[in-house]
Each structure stands twice: as structure tokens, then as C-alpha cells.
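Here is the structure we will look at.
When reading the values below, keep in mind they use all heavy atoms of this one structure, side chains included, and skip hydrogens, waters and symmetry mates.
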Amino acid sequence: MSSRTNKATMHELKLRRLMEHNHRLREELARPRVMVSVASLNLINYCRSTKDPLIPSLWGPLQKGEDPYAPVEQSSCCSLM
């Protein structure tokens with residue numbers, strides 16, 4: 001009798017796993033999609049409109065105040081020895 005209940009619980013467990021997997025697949029299917037052409041056009045527009053300091057040949061040289069990678073000038077009012 002215990003083997004029969006054991007098989008029943010195994011079948012229930014397998015059914016529950018399949019139902020959970022089916023639910024996750026349905027959620028994935030319901031997720032909104034973006035066409036590749038629209039996503040690539042958005043990426044191209046972003047790259048054209050956003051200035052990149054690492055590509056000075058495209059955007060021109062940056063001013064010292066605009067360059068996030070420029071060394072910071074330190075004032076020398078005090079020195080520790």
C-alpha cells in the first residue's frame with residue numbers, strides 16, 4: 001500500500017512541477033516584445049544623440065570641465081610630512 005501512495009505523491013509532484021513550468025512559460029509568452037528593427041533604431045538614435053568622451057574623433061575634443069576622465073587638479077594649500 002505504501003508503494004501505491006508513494007507513486008501517487010510522485011505523480012502529484014511531477015504534475016505540480018509541470019503546472020509551475022507551464023505557468024512560467026505563459027508569463028514569458030505574455031511579456032511585451034519589441035521588434036529588432038525598433039530596438040536597433042532606438043540604439044542608433046541613442047548613440048547619435050549621446051556624447052561619448054571616449055570617441056573624440058567623432059565628437060571632437062572635450063573641454064577640461066566636460067571630460068570625466070581628466071585628472072583632477074588639487075590645490076596645494078597644505079602639505080603633510
query = With Glu12, which residues qualify under salt bridge (Lys or Arg N to Asp or Glu O under 4.0 Å), at least two apart?
reply = none
task = Can you sort out the partners of Lys51 under salt bridge (Lys or Arg N to Asp or Glu O under 4.0 Å), two or more places apart, ordered by chain and number?
result = Glu66
Separation between CZ of Arg26 and CG of Asn22, rounded to the nearest 0.5 Å = 4.5 Å
query = When rounded to the nearest 0.5 angstrom, what distance separates NZ in Lys14 from CZ in Arg17?
reply = 10.0 Å
message = How long is the straight-line distance from OG1 of Thr9 back to CZ of Arg16, given to the nearest 0.5 Å?
response = 10.5 Å
task = Just grab all the side-chain hydrogen bond (donor to acceptor under 3.5 Å, both in side chains) pairs involving residues 29-46, residues at least two apart or on different chains.
result = Glu28-Arg31
remark   = When rounded to the nearest 0.5 Å, the distance separating CG of Leu43 from CZ of Arg48 is 11.0 Å
